[in-house]
Every structure is written in structure tokens, then in C-alpha cells.
Engineer: 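The structure that follows is given in the form of C-alpha cells.
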Amino acid sequence: METAEQIKTEILRLTREYSALVHRANRPGDDPSRTTPFIPGESTVPYAGRVFDGDEVAAAVNSALDFWLTLGAEGEAFEKEFARRLGVKSSLLVNSGSSANLLAIAVLTSPSLGERRLAPGNEVITVAAGFPTTVAPILQHGLVPVFIDNDPITLNARVEQLEAAFVPGKTKAVMMAHALGNPFDLATVTEFCRRHQLWLIEDNCDALGSRYDGQLTGSFGDLSTQSFYPPHHLTLGEGGAVNVVRQAPLRKLAESFRDWGRDCWCASGKDDTCHKRFGWKLGELPEGYDHKYIYSHLGYNLKPLDIQAAIGRQQLNKLPAFIEARQRNWQILRRELADLEEFFDFMLPTHATSWTPDGFEWNDSGHRTECSWFGFMMLVKPDAPFTRKEFGALLDEAKIGSRVMFGGNLVRQPAFTSLRKLQPGAFRVIGDLSGADRIMNEAIFVGVYPGLTESMMAHIVETMHSFCLQGQP
Ligand SMILES: Cc1ncc(COP(=O)(O)O)c(C=O)c1O
């Protein structure tokens with residue numbers, strides 16, 4: 001009769017064996033054991049996807065066999081390891097990047113923050129072109145997003161508009177994303193926030209591993225957020241995190257809002273961590289009301305499963321190689337497509353002025369960015385002999401995955417045009433947002449994720465060349 005431990009060991013051995021056979025296409029592009037043949041034009045070139053091996057599958061099965069399910073020991077370990085890696089005080093797991101953004105804003109509405117809390121009607125400065133759930137939580141909390149424009153080449157905020165967006169007494173925070181792995185101008189934004197005493201939330205969902213002056217993005221603001229959805233730098237299937245950069249008390253607030261709004265901080269399955277579970281007197285509740293059921297906030301339940309955290313811990317081990325592959329793939333595409341500059345404006349890192357085969361040239365700000373790229377973005381020039389739509393259709397036909405820059409100019413999305421009609425004043429716009437419009441009309445990106453093989457990259461380069469140089473419509 002085998003013991004439970006022996007059975008488990010055998011299950012995990014078989015799991016690894018199974019994964020090695022069936023998950024070949026999910027391995028890194030440079031893995032020699034990956035034997036799936038690539039047929040240009042027939043096989044797909046995803047723009048992103050899960051990259052994993054037997055480690056992640058075995059970790060998931062191991063955690064499933066334990067059947068704890070809800071956030072537990074794996075979650076706690078992941079949060080510690082992730083926070084250490086990012087260089088922040090702590091990280092809190094949630095079930096998506098969108099939930100992380102929702103939670104980050106919610107935390108800052110806590111009455112316990114006094115004068116600095118975000119109250120209904122307060123304004124939050126953000127950027128017009130990007131992902132919708134960087135902005136939606138601002139509106140969902142009765143706050144007013146104030147959109148500044150994007151630079152179409154870096155995709156990041158035109159920071160010279162920050163002062164025009166600021167209203168004393170009304171503006172309370174800045175929340176923006178590091179676009180496609182490109183750090184926004186953190187020197188200017190952090191100085192602006194310090195000078196006006198504003199909260200800064202960095203949406204770091206697409207930029208894990210990016211650096212600004214050598215320091216990891218996501219470690220500059222008060223809070224930052226991650227997404228662990230499959231196209232991102234590491235994946236837990238679904239998942240996200242709120243990072244508390246410096247102020248430890250924000251962690252307790254984030255836990256409260258994440259976990260139903262409760263005042264109690266006991267982990268799942270634990271009771272009486274405070275040693276006075278029946279000794280509290282809060283609100284207008286009777287003396288000694290069970291602390292487990294006292295709510296200091298109007299909260300949510302945004303927790304992921306422990307199985308996801310177990311997968312994430314394995315992904316974390318691979319993160320340095322993932323980042324390196326993304327950077328390598330970006331440079332390959334940039335070098336191989338350099339002769340197509342008459343058709344495209346290629347994306348540049350913030351503070352860079354141009355790309356050369358020997359590296360980027362930089363402006364005289366003295367600041368440097370290092371991108372952990374989410375994708376390879378190009379703008380189809382207005383005078384190119386083809387449109388972005390035609391170029392996108394060509395990529396589709398060649399089975400090359402591509403994406404536009406998410407929601408484009410968000411204020412042109414139906415959600416915002418109807419809001420403008422129903423609730424004038426729900427958001428404000430600075431300037432004409434011409435940069436965001438250019439991004440909406442001209443930007444398209446292909447993948448750089450670690451699953452791309454040399455043949456896939458060659459197919460991307462070859463397809464773009466033959467279209468641009470020989471065969472536009
Ligand atoms: C910048 C940005 N923020 C937030 C999100 C939302 O993340 P999730 O899909 O995990 O909800 C995304 C999604 O990709 C994103 O690109």
C-alpha cells in the first residue's frame with residue numbers, strides 16, 4: 001500500500017512527463033526541446049501567450065491536490081517573493097489587473113486617510129489613450145478623470161500638460177500606465193505629485209521589469225498595480241496585484257477593501273489573530289460584536305485562488321529570462337525593420353530621441369529608461385501608401401497576431417460618449433488629445449513575448465517587407 005506522499009510524488013512525476021509531451025508550443029522560443037514545426041502563413045504567430053513548462057503544471061496540480069483552494073500559503077509566499085523582487089514594502093494578490101486598479105483607487109477613498117482621501121468629485125489626472133480599466137475605477141468611485149494627451153511615439157503622457165490639468169483643492173491623484181512596457185516620465189510626474197501632495201498610482205500591468213534610472217517601475221508611486229493575465233510578463237491565468245510601495249498602513253486598507261471591507265485582518269482559515277475578537281467597540285455596533293464581521297469599508301471580494309499563486313511562484317523564477325527575451329525580440333524587430341522607416345514611426349522609450357543599431361540616443365534630461373516591452377508598436381505614417389487597417393488585415397492574413405493600442409483615445413469610446421451625454425462633467429479633457437487620436441488611428445503592435453521562435457520572427461519581418469516594398473494594394 002503506497003502512502004499519500006508516494007502517490008503524490010508519482011502524480012507529479014507523471015504530470016511533468018505529460019506536460020513535456022503536450023505543452024511544447026508553450027515553451028520559450030529558444031527552447032531546443034520545442035519541436036512543433038512552424039509553417040509560415042499557416043501556423044499562427046501569437047502576439048502573446050502563456051510560456052511555461054512542467055514546473056508550473058506540477059505546481060498547479062500539487063496545489064490542487066492540497067485542495068486548500070482559496071488564498072493560503074502559496075499566496076502569502078508569492079506576495080512576499082514578488083514584493084522583494086519589485087523592491088516594494090508589500091504586494092497584495094487580487095484576481096485581475098483590473099481588480100488591482102479598482103482596489104488601488106478604493107484604498108485611497110478610505111476615511112482613515114483624512115484630508116488626503118479621495119472624496120466624490122475629486123479629480124484624478126490620467127492619460128487619454130490606453131486600457132479602459134486604468135480609468136474606469138476613477139469614475140466607479142465618483143471621482144473625475146482628467147485626461148491629458150499621449151505622446152504618439154512614446155505612448156506615454158505629455159507631461160507638459162500636467163500643470164494645466166491641476167486644480168488646487170480638487171486634484172488629488174495621478175494614475176497612469178507605463179505604456180506597453182515604456183516607463184512614463186517618472187522624474188517629472190513624481191516631482192509634480194510631491195509638489196502638489198498628490199497620490200501617485202502607477203499602472204504597471206504592462207511593464208513588469210521595466211526600469212527608470214535603474215529602478216524598477218512600480219516602485220515609484222504610492223501604489224502600483226500588476227496584471228497576470230496570459231499576455232503579460234508573467235501569468236497566473238487570471239490575476240493581479242496591488243503593490244504598496246512605502247507606506248505600510250496602506251496594506252491593511254487594501255486587505256480590507258479586497259476582503260469584503262472587513263476590519264478584521266485574519267487570513268482565511270484563521271481566527272482571533274488580534275486576541276480580542278469579541279473585545280471591539282466600533283461604529284454603533286454593540287460592545288464585543290464579532291470582529292470578523294465588522295466592516296470599516298464598503299469592500300469587494302477580489303481574491304484569487306492559491307493554485308494561481310503556486311503557478312505564479314514558478315513563473316517568477318523565469319521572469320529574468322522572460323524580460324531578456326522580450327528585450328531581445330524587440331531589438332531584432334527594430335533592427336530588421338529599420339529600412340521601413342518611410343512607412344512607419346517606430347515607438348521610442350521615454351527620453352530617447354532615436355534608435356541606432358548601437359543603441360538609443362537620449363535627450364539631455366539626464367534620465368534613462370529600460371523597457372521590458374509588452375509589444376512592438378509602430379504607427380503607420382499618414383502618407384504611407386497603405387492604411388493601418390490594410391496593414392492589420394495583411395498581418396491577419398499572414399496569421400501574425402497584432403493589436404491596436406487597446407481602447408485608443410478612450411473619450412471616443414461609446415462608454416465615454418454616452419457618459420458625456422448623460423452626465424456632463426463626469427470627466428474633463430485637456431487640449432485636443434491629438435496624440436491620443438494619432439495612436440487610435442495609426443498605432444498597431446505585434447508581439448515580442450518569449451514564446452516567439454526565430455522562424456516566427458523571420459516570418460513577421462519577411463511579411464512586412466514584402467508588403468511594404470512590393471505589394472501594397
Ligand atoms: C495597462 C493595463 N492596465 C490594466 C489591465 C487589466 O488587466 P487584466 O486584464 O488582468 O484585468 C491591462 C490589461 O491588459 C492593461 O494593459
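We count ligands from 1, going down the list as the structure has it; atoms in each ligand are counted the same way.
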Engineer: How about CZ on R50, more than 12 heavy atoms from neighbouring residues, nucleotides or ligands closer than 6.0 Å, or not?
Structural biologist: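 Atom CZ in R50 is not packed in, count stays at 12 or less.
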Engineer: Should E191 and R195 count as an ion pair when the cut-off is N to O under 4.0 Å?
Structural biologist: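 Yes, this pair counts.
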Engineer: Looking at E341 and R334, does any basic side-chain N land under 4.0 Å from a carboxylate oxygen?
Structural biologist: yes
Engineer: Between ligand 1 and the protein, which N/O pairs fall short of 3.5 Å?
Structural biologist:
residue	atom	partner	partner atom	Å
ligand 1	3 (N)	D203	OD1	3.3
ligand 1	3 (N)	D203	OD2	2.7
ligand 1	7 (O)	S227	OG	3.4
ligand 1	10 (O)	G97	N	2.7
ligand 1	10 (O)	S227	OG	2.7
ligand 1	11 (O)	G97	N	3.4
ligand 1	11 (O)	S98	N	2.9
ligand 1	11 (O)	S98	OG	2.6
ligand 1	14 (O)	H232	NE2	2.9
ligand 1	16 (O)	D206	OD1	3.0
ligand 1	16 (O)	D206	OD2	2.7

Engineer: Is the shortest distance from a Lys or Arg side-chain nitrogen in D213 or R368 to a carboxylate oxygen in the other one below 4.0 Å?
Structural biologist: no
Engineer: For a side chain to side chain donor-acceptor pair (under 3.5 Å) check, start with the C-alpha distance between S227 and H232, then their side-chain angles and the critical distance, and finish with the verdict.
Structural biologist: CA-CA 7 Å; S227 166; H232 295 256; 3.3 Å; yes
Engineer: Sort out for me which residue in K303, R84, R251 forms a salt bridge (charged side-chain N to carboxylate O under 4.0 Å, His left out) with E79.
Structural biologist: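 Filter result, single survivor: R251.
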